[in-house]
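Just below is one structure, and these are the notes that go with it.
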2 protein chains.
Amino acid sequence: MTIAARHVEPTEPADAALRPDIHTARVPRLCRACEARHRGICGALDPAELLRLGRTSTRQTYAAGTTLIAAGERAEHCSNILSGVVKLSKLLADGRQQVVALQFAPDFVGRPFAGDSDVLVEAATDLRVCSFPRRMLETMMTASPAFEARMHRQALRQLDEAREWMMALGRKSAAERVATFLVILSRHAAAPDGRRAGEIDLPLCRADIADFLGLTAETVSRQLTALRRQGVVDVVRSRHVTIRDPAALLCVAAM
Amino acid sequence: MTIAARHVEPTEPADAALRPDIHTARVPRLCRACEARHRGICGALDPAELLRLGRTSTRQTYAAGTTLIAAGERAEHCSNILSGVVKLSKLLADGRQQVVALQFAPDFVGRPFAGDSDVLVEAATDLRVCSFPRRMLETMMTASPAFEARMHRQALRQLDEAREWMMALGRKSAAERVATFLVILSRHAAAPDGRRAGEIDLPLCRADIADFLGLTAETVSRQLTALRRQGVVDVVRSRHVTIRDPAALLCVAAM
DNA sequence: CGTTTGTTTGAGCCTTCTCAAAGGCTGTGG
DNA sequence: CCACAGCCTTTGAGAAGGCTCAAACAAACG
C-alpha cells in the first residue's frame with residue numbers, strides 16, 4: 001500500500017467501547033457522533049453489530065491527491081467517507097485516463113467479494129474516512145442480511161450512476177457534459193431537504209474534470225467561460241461555482 | 001406492457017413438478033434441461049428452492065426488436081436469458097440514444113429492490129428467456145443469502161462492465177471502440193474453455209452498434225471496412241465477422 | 001519575489017458528424 | 001423465377017466540434 005499522507009486520529013479508548021452497561025450493547029461513542037452513521041452503510045447495523053464493527057474501525061484523514069488503492073491492488077481496508085470526495089479512475093496503457101466515478105459522504109469505498117476491479121482510488125479532496133479491515137466487511141455481510149442488502153443497493157445505485165455517465169460520454173456535447181457535471185455536483189452539495197445547492201466547490205482541477213467528462217482541460221475551461229458569459233453561472237477563483245440560473249443550467253445539460 | 005411478439009412455450013405440467021418422490025424435492029424437469037441453470041442465478045438455489053421458483057416460471061420467446069420493459073416502467077416479471085441478446089438503452093428527450101449494456105445468457109434481466117432504473121429493455125436478437133414474477137425474486141432474495149449474494153455479484157460485474165465502457169466512450173477513438181466491441185463480443189461467443197471465438201454474429205445492426213459505441217452508423221461502417229482492409233477481420237453479409245488476426249485486433253482495441 | 005502549478009485564451013488541424021447517393025439483401029407479389 | 005419495394009449498409013464530400021500546441025495569465029507556495 002502506498003499511502004503518502006495518512007494520519008490516524010485519536011480513537012475512542014477501547015475500554016469505553018467495551019464497558020459493560022445496563023444496555024448490553026451501546027452504540028460506540030465514535031459512531032454516535034458520526035455524520036455518516038444513519039445514511040451510510042452502518043445504518044443497517046444494530047447497536048451490537050455497530051459495537052463489533054466500531055471496535056476495529058479507525059478514523060483517518062488523507063490529503064488531496066493521496067492514492068488509497070492502486071489499480072489492480074487488493075485493499076486490506078474498507079472505508080466510509082465522512083467528508084471529502086473520492087475519485088475512481090481507470091488507466092489505459094498509454095496513459096489516457098478516465099474517471100469512472102466520484103464518491104461522496106456517506107458512500108462506502110471498497111469492494112465486497114474477492115475480485116479487484118482494476119480501478120485507481122484517490123482522494124480528490126482532503127478526506128476523512130472511517131476505516132476497518134476488509135475481513136470485517138465480509139463478516140458483517142454474512143452476519144447481517146440487512147447489511148448485505150444495503151451494500152447491494154449501493155452497488156445498484158453506482159450502476160445507475162455509471163450508466164447515466166455513459167449517456168453523457170457517448171451522446172452529449174462538451175457544453176452539455178460540463179453542465180451535467182455541475183448539476184450532479186449541486187445534487188451532492190444539496191441540503192438534506194433535497195433542494196439543490198446554488199454554491200458548488202469543485203472537487204477536481206480542470207484536468208480531472210476533463211478526465212471525468214471525456215474531454216480536455218482546455219475544452220472544460222472554454223465551456224465554463226461560455227456558461228459564465230451566458231450568465232448561467234459565476235466562477236470565483238476557478239474552483240467555486242455559483243449557479244445563477246438553475247433552469248438554464250438544466251436546459252444546457254439536456255436533462 | 002407493450003409486448004409485440006410474445007409466445008409462451010408449453011411448460012412442464014404442474015403435477016410433474018409437484019409429484020412427491022423419494023427425494024422430497026427434485027429439480028424440476030424444466031430446470032434440469034436448462035442451459036443457464038448452473039452458470040446463472042439459479043445456480044445458487046438448492047433443489048427445494050428451485051422447485052419453488054420453477055413452479056412460477058415459464059419459458060418465453062421474443063422476436064428481435066421486441067420491447068421487454070419500457071423506460072421508467074416497473075416490470076412485473078424478471079427473466080433469465082437462455083439464448084439471445086438483450087439491449088439496455090437510455091434515451092434523451094430529443095431522441096438521442098445510448099445503449100448502456102448488452103446482456104447475454106445466462107444473465108439475469110430485471111431489477112431487485114423497488115426503484116425503476118429508467119432504461120429501455122429490448123430483445124436485440126430473437127430471445128428465449130425463463131421468466132418469473134418479480135415477487136418471487138424478492139422472496140428468494142430474503143429466503144436465500146446465497147441467492148442474494150449472487151444477485152449482488154452480478155450487479156458488481158455489471159458495474160465493472162459499465163466502467164469499462166465509460167473508458168471506451170470517454171477516451172477511445174472510433175477505431176479502438178469498434179475493435180473493443182468485437183473483442184467483447186468474441187469473449188461472449190467464446191467456448192466454455194475460455195478460448196475466444198474467432199467467429200462472431202453481430203447481435204446488432206450498425207445503428208445500434210453506433211448507439212452502443214457513442215458513434216454514428218457511418219463511422220462504425222467505415223471502421224469495420226478499415227479493419228477488413230487491414231486484414232484483421234472478415235465481414236460476411238454485414239452481420240458475420242471472422243477474426244483473422246486476434247493479436248492485431250487486441251492491439252487496435254488498446255487493450 | 002521568483003517558481004511552480006493550474007487556468008484561460010487563441011490558431012490551426014484532425015476526427016468524427018452530417019448529408020447525400022449508390023449498392024446489397026430480403027421478402028412479396030406477379 | 002423475376003421484378004420491385006423497403007431497409008440496411010457502404011462510400012463520398014464537406015462541415016463542425018473538439019483536440020493539439022503554444023503563450024499569456026493567475027494563484028499558491030516557498
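A quick note: this is a predicted structure, and the numbers were derived from the prediction, not measured. Reminder, nothing fancy here: chain letters follow the sequence lines and each chain counts from 1.
- Two residues are said to be in side-chain contact when any heavy atoms from C-beta on lie closer than 4.5 Å; A:Lys90 and B:Glu164 meet this criterion.
- Proximity of A:Arg237 to the phosphate of D:dA27: no side-chain N or O atom is located under 4.0 Å from OP1 or OP2.
- For C:dG6, the base has no donor-acceptor partner in the side chain of A:Arg239 [N/O atoms by modelled type, under 3.5 angstrom].
- Atom CD of B:Gln223 is separated from atom C1' of C:dC17 by 13 Å (rounded to the nearest Å).
- Residue side chain B:Arg222 reaches the base of C:dT18 through a donor-acceptor N/O pair under 3.5 Å, judged by distance alone.
- Contact annotation for B:Arg171: no contact, since no heavy-atom pair falls under 4.0 Å across all strands.
- Spacing between atom CG of B:Asp208 and atom C1' of D:dT9 amounts to 14 Å, rounded to whole angstrom units.
- Counting to the nearest Å, the C1' atom of D:dT9 and the CG atom of B:Leu204 are 15 Å from each other.
- We find that CZ of B:Arg177 is positioned 14 Å from P of C:dT15, with the value rounded to whole Å.
- A:Asp211 has its CG atom 11 Å from the P atom of D:dC19, to the nearest Å.
- Across the interface with DNA chain D, nearest-nucleotide mapping of A:Thr216 and B:Thr225 shows B:Thr225 to be the residue nearer the 5′ end.
- For A:Arg206 and D:dA27, the shortest distance from a side-chain N or O to OP1 or OP2 is not below 4.0 Å.
- In terms of position along DNA chain D, the nucleotide closest to A:Lys172 lies nearer the 5' end than the nucleotide closest to the other residue of the pair A:Glu218 and A:Lys172.
- Take A:Glu176 and apply the salt bridge (charged side-chain N to carboxylate O under 4.0 Å, His left out) test, not counting sequence neighbours, and it matches B:Arg96.
- A salt bridge links A:Arg128 to A:Glu35: at least one charged side-chain nitrogen sits closer than 4.0 Å to a carboxylate oxygen.
- Among the protein residues, B:Leu224 comes within range of no part of the nucleic acid, since none of its heavy atoms lies under 4.0 Å from any strand.
- When rounded to the nearest whole Å, the span between NE2 of A:His240 and P of D:dA27 equals 15 Å.
- In this structure, B:Ser221 does not reach the D:dT9 phosphate: none of its side-chain N or O atoms is under 4.0 Å from OP1 or OP2.
- In this structure, A:Leu215 places its CG atom 16 Å from C1' of C:dC14, rounding to the nearest Å.
- Remark: A:Asp234 does not engage A:Arg228 in a salt bridge, criterion side-chain N to carboxylate O under 4.0 Å.
- Ion pairing of A:Arg111 with B:Asp160 is present here, as a side-chain N (NZ or NE/NH1/NH2) and a carboxylate O approach within less than 4.0 Å.
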